[in-house]
There are 2 protein chains.
Amino acid sequence: MKEPSSLAARKATERILEISRLPVYRNRHTTLLTDLYQLTMMYGHFCAGRHQQRVVFDMFYRSNPCNNGFVIAAGLEQVVWYLQHVRFSEEDLEYLRSLHLFGDDFIEALRHFHFTGDLYAVPEGTIVFPNEPLLRFEGPIFEVQLIESAVLTFVNHQSLIATKAQRIVDAAKVNPVAPNAPVIEMGLRRAQNLDAAVFGSRAAYIGGCTSTSNVLAGQSFDIPVAGTQGHSWIQSFPSELEAFRAYARTFPDATVLLVDTYDVLNSGVPNAIIVGHELRKEGRSLKAIRIDSGDLAYLSKRARQMLDAAGLTDCGIVASSDLDEWTIRELALQGAQITSYGVGTSLITSNNCPALGGVYKLVAHEMNGKLEPCIKVSENPSKVTNPGKKKVLRLLKDGMAVADLIALDDEELNPEQPLTLFHPIHTYKRKTIVHYEIEELLQPIVIQGELVYTLPRLPEIRKRVEDGLCRFSSETLRHLNPHEYHVDLSQPLWDLKQRLLHELRG
Amino acid sequence: MKEPSSLAARKATERILEISRLPVYRNRHTTLLTDLYQLTMMYGHFCAGRHQQRVVFDMFYRSNPCNNGFVIAAGLEQVVWYLQHVRFSEEDLEYLRSLHLFGDDFIEALRHFHFTGDLYAVPEGTIVFPNEPLLRFEGPIFEVQLIESAVLTFVNHQSLIATKAQRIVDAAKVNPVAPNAPVIEMGLRRAQNLDAAVFGSRAAYIGGCTSTSNVLAGQSFDIPVAGTQGHSWIQSFPSELEAFRAYARTFPDATVLLVDTYDVLNSGVPNAIIVGHELRKEGRSLKAIRIDSGDLAYLSKRARQMLDAAGLTDCGIVASSDLDEWTIRELALQGAQITSYGVGTSLITSNNCPALGGVYKLVAHEMNGKLEPCIKVSENPSKVTNPGKKKVLRLLKDGMAVADLIALDDEELNPEQPLTLFHPIHTYKRKTIVHYEIEELLQPIVIQGELVYTLPRLPEIRKRVEDGLCRFSSETLRHLNPHEYHVDLSQPLWDLKQRLLHELRG
């Protein structure tokens, strides 16, 4: 690694070195995590002598997952880690040679591969909308092409799970007995393999979960870990009461008892109450019971009555069992007496929409030594790309987001002058704003291959989510049929897009 | 590692060492990939002095994903790799200490942790059904408890994707122009992070896909890799024709041209035909065109006509664009002229059912020095477990599977004596068979901590899937409303289950 060229770069480098030592990143070699067509295209450019052609690619998505009104951007840390480590090993080169697709000179060129370009990106935890560039790469096509697949994988996955988590956490806020009831992420066993579990846990924490059951995620990212006992604990003792007592002896200050192994109301809760009273004699208290099956509304209400009648009014009720944002809302509407939720499958897989369809599109390329904007057309108008090197501006009035504006990178806006916004398709829809504030969403992350951005820790990213959400109306944030937030194109960008479209079709 | 105790163990060890050197496994440390409650339970057992209690756990699932009639078991290789490497590092112990949950003596005991138990499992590629033990662990509860989460994650994920892949590959078999049309797995960018992409690719290959776009999966598992060019290749040239020519120059013997960047029928196909003719002059031929958007039925039929009229009758048509088993069937019904399919999101995420709900349940535990069967009851009868240490027998007549029988491990069946099978819930449903063959599904994998099973390579696993599928009727294999295959309990197991249920409820 080269000596950092500035204090900012030095700080950024120290932080990424620290991240690279985390168990989930350490010693991993992922350079071949790419689609073969990236390599065949790179070889094609190489053979045509045009692999140093400078290009700009945007990463963006076209529609919100889960019918949500927005996405929480996440995964940048993993992208930066990847960019810092993307190097072809001898073994990689040997494998590529074995495919008999590529010439030796190309393989030699790969040996010296490293990323020398620029990356601008929205920080993790930023609220973003369809068609906004979340990452913008600029550099030789040889480099910017290879990284497409890994970048998409990391950002698509983590953004998806952060977004799904926020929906679930938001649903848990409305609760008759415990406003802002904590949501524990416990999806490990249903995750789509190890990384989905660990990076999914990270994303869930970004989205607002308070803890995870996943110890490796806890270790890797300093996320609080939570867990008590499973049914096998109860079964492995001669009786439920003995199992409860043994657990309380082991964790007298954090006793949560799983009450549904045999019969919640006739065995589990009565036995938990016995142990609760025993703990009280020692000056402690039963922290919570956990119900993991059955009718959670009915069982939690009956259990609450029994606990209260026994004087255990401060004992919480943890519920789990195929929960998602909708069942959590329904439980609240039914007056379920649940004080915290454990959510697994639906959260860790985003089960009703398990992929965010982020794409990576060429928007400018070098022609005669100059970056020229380019466009991809499609029969489907929503798939026509926005051309050129762009920025994303969030326009705010009185601290609230009014609209986002996708503009060309070299445009200057004067917030004291009236600005007329218009819908990029239904252009008659217009509104004029003045005296607004501008937040520029894309920030410099890597400049000429050098990391200049210090990756934040998770508490800071969570804070960014919370602060960001405050800037949008409840209509934009709601789970069902959210209001479509304005994402407009600047007049110069719109004009450019029309011109390129007409040139192509003309 | 100890010296292997037999030739089989030596061979098995050599193979797992080879696997451990694969890029996707190498240097990874995943001991803390567990739910915290496994560790709190272990600590509880440790404090109660019962952590050496011998137990048996079954891994099984309760219902088939995607309304399929069966599951293809996969993930055992990853489980074995994990079992061979599960050791607490100093860093792990330090982290656990930092949680202030566990005593020092427990942390010391973890330092010496390794798996000393037994594992019996169905080989990867076995066709399996709900409630059948796919893996059976036996050993000290201290060990068998820790590994639950990772085992479930690996087997749930890979079995899910193998099963989904088989549905898609099966749908592609029915094709008016190309029976058994190949299916290329190309889901990397939509996978739920890196492992989901790479192990998902492995599982897709087990399920019958012919290749993957994912180079790391190709390198790791020796899966054929496939890929040509993306839209950015076309866009980065002054014209589509120049882009096509440059690609054909680079890969003259494997030219596949993406024809939907501008206009499939008015630009893409005509330009591809020009290049096809140019290739022919050199004595080569255009291998295929690829259509990645739009109405695939209409476009493929029109493209076929145009290619045929131009004399390029041997040029294939690759289609991709949000395909799954249903769209592939519909395309075939419409006479679409597609010769191979690229499938991404729906395959790599199993999008309509992104989790297999495999569970891990205690079925026997040591009492007074003897293994005693135990049961978990539930308000939901389908969640009542099958008690005891068991085996799974597939009963065959004339090479076809008649029923599977879950029996106690020490039962002896005489295939020359009539056997009466009965439905475990609706017990009046009975049938008697005689002169049948028995295939015992659970095989010894690890005995007293020693690996005795040589993990097969992927071609062998694919063969097992193909051979296995031949043993079931088309009614069991169909995609919609499949026939429910008979999985019965032996009389002794059924009697044991009833006895334990009545004891518990009595």
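Values reported hereafter were calculated over all heavy atoms of this structure, with side chains retained and with hydrogens, waters and symmetry mates removed. In what follows, chains carry the letters A, B, and so on, assigned in the order in which the sequence lines appear, proteins first and then strands, with residues in each chain numbered from 1.
Only the side chain of A:Tyr247 comes within contact range of chain B, with at least one heavy atom under 4.5 Å from a heavy atom of that chain. Contacts between A:Glu372 and chain B at a heavy-atom distance below 4.5 Å are absent for every atom of the residue. With a 4.5 angstrom heavy-atom cutoff, A:Tyr95 touches chain B only via side-chain atoms. Interface remark: A:Leu160 contributes side-chain atoms only to the contact with chain B (heavy atom separation under 4.5 Å). Contacts between A:Ala226 and chain B at a heavy-atom distance below 4.5 Å involve the backbone alone (N, CA, C, O). Heavy atoms closer than 4.5 Å to chain B are found in the backbone of A:Ile348, but not in its side chain. Looking at A:Val55, neither its backbone nor its side chain comes within 4.5 Å of chain B, counting heavy atoms on both sides.
B:Asn193 and A:Gln78 share a side-chain donor-acceptor pair at under 3.5 Å. Between the side chains of B:Thr40 and A:Gln229, no donor N or O sits under 3.5 Å from an acceptor N or O.
Here B:Arg26 pairs with A:Glu91 in a salt bridge; the nearest charged N to carboxylate O distance falls below 4.0 Å. A salt bridge is absent between A:Asp260 and B:Lys383; no separation between the charged side-chain nitrogens and carboxylate oxygens falls under 4.0 Å.
At a threshold of 4.5 Å between non-hydrogen side-chain atoms, the residues A:Phe237 and B:His365 do not count as touching.
Checking side-chain atoms of A:Gln235 against main-chain N and O of B:Ile375 turns up a donor-acceptor pair under 3.5 Å. Checking side-chain atoms of B:Gln192 against main-chain N and O of A:Pro354 turns up a donor-acceptor pair under 3.5 Å. Checking side-chain atoms of B:Asn156 against main-chain N and O of A:Arg190 turns up no donor-acceptor pair under 3.5 Å. Using modelled atom types, no side-chain atom of A:Thr153 and backbone atom of B:Leu194 make a donor-acceptor pair closer than 3.5 Å. A donor-acceptor pair under 3.5 Å is formed between the side chain of A:Arg50 and the backbone N or O of B:Ser236.
Put simply, of B:Glu148, B:Lys361, B:Met367, the one with the most heavy-atom pairs under 4.5 Å next to chain A is B:Glu148. Comparing B:Leu101, B:Asn27, B:Thr349, B:Val155 by how many heavy-atom pairs each has under 4.5 Å with chain A, the most go to B:Thr349. In terms of non-hydrogen atom pairs under 4.5 Å with chain A, the most contact-rich of B:Thr261, B:Leu362, B:Leu99 is B:Leu362. With respect to chain B, the highest number of heavy-atom pairs below 4.5 Å among A:His231, A:Arg249, A:His157 belongs to A:His157. Of the listed residues B:Ala48, B:Gly218, B:Ala191, B:Ala254, the one with more heavy-atom pairs under 4.5 angstrom with chain A than any other is B:Gly218. When the candidates A:Asn214, A:Val198, A:Thr228, A:Val225 are compared by the number of heavy-atom contacts under 4.5 Å with chain B, A:Thr228 comes out ahead. Counting heavy-atom pairs closer than 4.5 Å to chain A, the top-ranked of the candidates B:Met186, B:His29, B:Gln158, B:His45 is B:His45. Across B:Asp92, B:Thr212, B:Ile234, the residue that shares the most heavy-atom pairs under 4.5 angstrom with chain A is B:Asp92. Annotation: maximal heavy-atom pairing with chain B below 4.5 Å, among A:Thr250, A:Val24, A:Leu36, occurs at A:Leu36.
Separating the OG atom in B:Ser98 from the CD atom in A:Gln219 is a distance of 9.0 Å, to the nearest 0.5 Å. Note that NZ of A:Lys376 is 5.5 Å distant from OG of B:Ser293, once rounded to the nearest 0.5 Å. How far CG of B:Asp35 is from CG of A:Leu216: 11.5 Å, rounded to the nearest 0.5 Å. If you take CG on B:Leu188 and CG on A:Leu152, they are separated by 8.5 Å, rounding to the nearest 0.5 Å. To the nearest 0.5 Å, the span separating OG on B:Ser350 from CG on A:Asn351 amounts to 11.5 Å. If you take CZ on A:Arg28 and CG on B:Asp195, they are separated by 5.0 Å, rounding to the nearest 0.5 Å.
Minimum interatomic distance between B:Phe57 and A:Ser232 (heavy atoms only, all atoms of both residues): CZ-CB, 3.5 Å.
Remark: B:Asn352 CG is packed, more than 12 non-hydrogen atoms of other residues, nucleotides or ligands lying under 6.0 Å away. With a 6.0 Å radius and a threshold of 12 heavy atoms from other residues, nucleotides or ligands, A:Asp295 has its CG atom above the threshold.
Judged by the 6.0 Å and 45° rule, A:Arg189 forms no cation-pi pair with B:Phe154.
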B:Leu33/A:Val215 under side chain to side chain contact (heavy atoms under 4.5 Å, CB included): CA gap, chis, key distance, verdict: CA-CA 6 Å; B:Leu33 189 76; A:Val215 186; over 6 Å; no
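Between B:Phe102 and A:Phe251, the two ring planes are perpendicular [angle over 60°; tilted spans 30° to 60°].
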